[in-house]
Amino acid sequence: MRRKLVVGNWKMNGSLATNASLLAGIAEGLGENSAYCAVCAPAPYLAQCQALLSGSEIGWGAQDVSAHAAGAYTGEVSASMLADVGCGYVIVGHSERRAYHGESSELVANKTVAALEAGLTPIVCVGETLAEREAGQTSAVVAGQLQAVLDAIGERMSDIVIAYEPVWAIGTGKTATPAMAQEVHQQLRAQLAGQNKEAAEAVQILYGGSMKPDNAAELMAQPDIDGGLIGGAALKASDFLAIIAAGSAPDQ
Ligand code: 13P
């Protein structure tokens, strides 16, 4: 069985003081059979994560990465730099980057390759907009986004995590119903299986979009939902811990 993974995407939030208290709160409340958990912090706070989380059970990483290895790319951060400071994860292709920074599926695929080459675990985000869902294009949109990545990474499918985040559910309080989310997750896993059946069974596919303590258990009970990528609710230790608990193995 795939162990659940709950990742907090802090987006552009936090400060040294609030991060420290959030991380202390999470560390204090983690249970014995907890789901895997991680936080993805803004770049200036990765050093703080390194100082506070190295050797802890809480994984950590970045929210974006350059597709380039090094050189004259002002403002960008390379995958090898993220690995150098100790990141384990990096989010790639978040819908906010696709929408506000014009990231194409091809660029997202290149970023995924860069992350893998540096030894990071890329969390590859896919998801449809409301207009796309209403036009009946959900399947085609997410399949196209995933295929661009699969074509680029070749045999390395089992080294990525996928996050299905319907754009209309992000930060809106509107969650996909468990059945709606499961339908897309099942489709994504079938697409993976089309390339490598065994690897497809091991890939963690997270759901993201207004996942909260009160809906997390039902979502994560779906057979192909292997955890969550959490925005707003990851900024409060008690909420984040409740979501982690919802994905944790029952006590023995
Ligand atoms: P919310 O949980 O705030 O809806 O954000 C989801 C998200 O975008 C995580 O990457």
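These numbers were taken from a predicted model, which means no experiment stands behind them. Note that ligands are numbered from 1 as they come in the structure, with each ligand's atoms numbered from 1 the same way.
At a heavy-atom distance under 4.0 Å, atoms from both the backbone and the side chain of I170 approach ligand 1. At a heavy-atom cutoff of 4.0 Å, ligand 1 is contacted by the backbone of A169 but not by its side chain.
Of all the atoms in ligand 1, the ones that sit under 4.0 Å from a non-hydrogen atom of G171 are 1 (P), 3 (O), 4 (O). For ligand 1, the atoms sitting less than 4.0 Å from at least one non-hydrogen atom of E165 are 6 (C), 7 (C), 8 (O), 9 (C), 10 (O), numbered in the order shown with element in parentheses. Numbered from 1 in the order shown, with element, the atoms of ligand 1 that lie under 4.0 Å from a heavy atom of G232 read 1 (P), 2 (O), 3 (O).
Residue K11 places at least one N or O, backbone or side chain, under 3.5 Å from an N or O of ligand 1. Inclusion of S210 in the set of residues having an N or O under 3.5 Å from an N or O of ligand 1 is warranted. Between G231 and ligand 1, a contact under 3.5 Å exists for at least one N or O pair. At a 3.5 angstrom cut-off on N or O pairs, G208 does not count as close to ligand 1. Considering both main-chain and side-chain atoms, K212 never comes within under 3.5 Å of ligand 1 through any nitrogen or oxygen pair.
When the options R97, H94, R98 are evaluated for a side chain to side chain donor-acceptor pair (under 3.5 Å) with E103, the one that passes is R97.
By the 4.0 Å heavy-atom criterion, G209 is counted among the residues contacting ligand 1.
Note that CD1 of I153 is 12.5 Å distant from CG of N110, once rounded to the nearest 0.5 Å.
There is no path of hydrophobic side-chain contacts, each under 4.5 Å, that joins I225 to I91. Under a hydrophobic clustering in which Ile, Leu, Val, Met, Phe, Trp and Tyr are joined whenever their side-chain heavy atoms come within less than 4.5 Å, directly or via other members, V167 and V149 fall into different clusters. The cluster map of Ile, Leu, Val, Met, Phe, Trp and Tyr, joined by side-chain heavy atoms under 4.5 Å apart, puts L235 and M211 in the same cluster.
Counting only residues at least two apart or on different chains, the side chain to side chain donor-acceptor pair (under 3.5 Å) pairs with a member in residues 206-222 are T175-N215.
Residues passing the salt bridge (charged side-chain N to carboxylate O under 4.0 Å, His left out) test with E201, sequence neighbours excluded: R2.
Of the N and O atoms on the side chains of Q147 and Q191, at least one donor lies less than 3.5 Å from an acceptor on the other residue.
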